[in-house]
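Right, one structure below, let's go through it.
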Amino acid sequence: MGWNLFFWLVICFPSNIALLASTFYQILILSDLEADYVNPFDASSRINYFVLPEFIGQGVLCALCLFTGHWVMFLLTVPVTCYHVMLYVKRQHLIDVTEVFRVLNAEKRFRIAKLVLYLTVLIVTIFRLLAAGRLKLYNSRFEELDIRVNTLGF
């Protein structure tokens with residue numbers, strides 16, 4: 001039970017938050033580009049800075065879910081990971097400065113879909129974290145909060 005709590009609290013939760021924040025930032029940059037608040041070179045360089053770390057983080061999270069036997073999480077993350085691998089192999093993972101306005105709507109929709117998926121994965125992670133970390137904090141015998149018993153094992 002301790003390793004499961006460690007997996008959800010230390011590995012999955014921060015990874016999901018980082019992926020969610022990265023995707024949200026990319027959507028904000030694309031929205032700023034659409035509203036003409038930022039030029040295409042700055043927008044593409046800011047987005048391209050986060051693309052490869054996001055792909056690596058998503059792949060590592062998917063592989064960890066596979067190797068630790070968390071099949072539901074693996075099945076949730078494997079489609080995006082496969083799509084990221086396909087984009088990387090075709091060398092279409094970076095946004096080109098000269099074609100950024102042509103692909104703006106498609107890139108924005110793709111990142112919104114990823115944001116929804118990452119939110120779903122985050123919700124599942126929170127529920128799994130709560131299920132793994134069930135602590136009996138209330139001791140009915142003394143009718144008080146007894147954290148010592150649960151943390152020290154007395």
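Keep in mind that this is a model prediction, so the values were computed, not measured.
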**Request:** Using side chain to side chain donor-acceptor pair (under 3.5 Å) as the criterion, list what pairs up with T81, not counting sequence neighbours.
**Result:** Q58
**Asked** Does the side chain of I56 come within less than 4.5 Å of L52's, by heavy atoms?
**Response** yes
**Asked** Under 4.5 Å between side-chain heavy atoms, hopping through other hydrophobics if needed: is there a path connecting L9 to V124?
**Response** yes
**Request:** Spell out, yes or no, whether V78 and F7 are grouped together once hydrophobic residues are joined by side-chain heavy atoms under 4.5 Å, including indirect joins.
**Result:** no
**Prompt:** Got a sec, which residues hit side-chain contact (heavy atoms from CB on, under 4.5 Å) with Y49, two or more places apart in sequence or on another chain?
**Reply:** none
**Item:** Residue pairs fulfilling salt bridge (Lys or Arg N to Asp or Glu O under 4.0 Å) with at least one residue in residues 50-61, sequence neighbours excluded
**Value:** E54-K114
**Request:** Please work out whether the ring planes of F55 and H84 are parallel, tilted or perpendicular, with thresholds of 30° and 60°.
**Result:** parallel
Contacts table for residues 87-100: side-chain donor-acceptor under 3.5 angstrom, sequence neighbours left out:
unit_1 : atom_1 : unit_2 : atom_2 : d
D96    : OD2    : T98    : OG1    : 2.8
E99    : OE1    : R102   : NH2    : 2.8

**Message:** Going by salt bridge (Lys or Arg N to Asp or Glu O under 4.0 Å), name the pairs with one or both residues in residues 12-28, residues two or more places apart or in two chains.
**Reply:** none
**Message:** Rounded to the nearest 0.5 Å, what separates atom CG in L115 from atom OG1 in T23?
**Reply:** 6.5 Å
**Item:** Verify same cluster id: V85, L19 (apolar side-chain graph, 4.5 Å)
**Value:** no
**Item:** Atom pair OG1/CD1 of T125 and I17 - distance to nearest 0.5 Å
**Value:** 9.0 Å
**Message:** My understanding is that only residues two or more places apart in sequence, or in another chain, count here; which of them pass ring pair (Phe, Tyr, Trp, His ring centres under 6.0 Å) with F13?
**Reply:** none
**Request:** Give a yes or no answer on whether the side chain of R109 reaches the backbone of N105 with a donor-acceptor pair at less than 3.5 Å.
**Result:** yes
**Complete:** Between the OH atom in Y118 and the CG atom in L20, the distance rounded to the nearest 0.5 Å is 9.0 Å
**Message:** With salt bridge (Lys or Arg N to Asp or Glu O under 4.0 Å) as the rule and sequence neighbours excluded, what pairs involving residues 12-30 come up?
**Reply:** none
**Asked** Which residues satisfy the side-chain contact (heavy atoms from CB on, under 4.5 Å) test with F127, sequence neighbours excluded?
**Response** I123
Please tabulate, one pair per line, all N/O donor-acceptor pairs under 3.5 Å involving side-chain atoms of residues 30-42, not counting sequence neighbours.
unit_1 : atom_1 : unit_2 : atom_2 : d
S31    : OG     : I27    : O      : 3.0
E34    : OE1    : K108   : NZ     : 2.5
N39    : OD1    : D42    : N      : 2.8

**Asked** Residues two or more places apart in sequence or in another chain: which of them pass ring pair (Phe, Tyr, Trp, His ring centres under 6.0 Å) with F24?
**Response** none
Tabulate below the donor-acceptor pairs under 3.5 Å that side-chain atoms of residues 60-77 make, not counting sequence neighbours, or state none.
unit_1 : atom_1 : unit_2 : atom_2 : d
T68    : OG1    : L64    : O      : 2.7
T68    : OG1    : H70    : ND1    : 2.7
H70    : NE2    : N4     : OD1    : 3.2
W71    : NE1    : G69    : O      : 3.4
T77    : OG1    : M73    : O      : 3.0
T77    : OG1    : F74    : O      : 3.3

**Prompt:** Sequence neighbours excluded, which residues qualify as side chain to side chain donor-acceptor pair (under 3.5 Å) partners of E107?
**Reply:** R111
**Asked** About how many Å separate CD1 of I29 and CZ of F50, when rounded to the nearest 0.5 Å?
**Response** 8.5 Å
**Request:** Could you state whether V103 and F110 fall into the same hydrophobic cluster, counting links through intermediate Ile, Leu, Val, Met, Phe, Trp or Tyr residues with side-chain heavy atoms under 4.5 angstrom apart?
**Result:** no
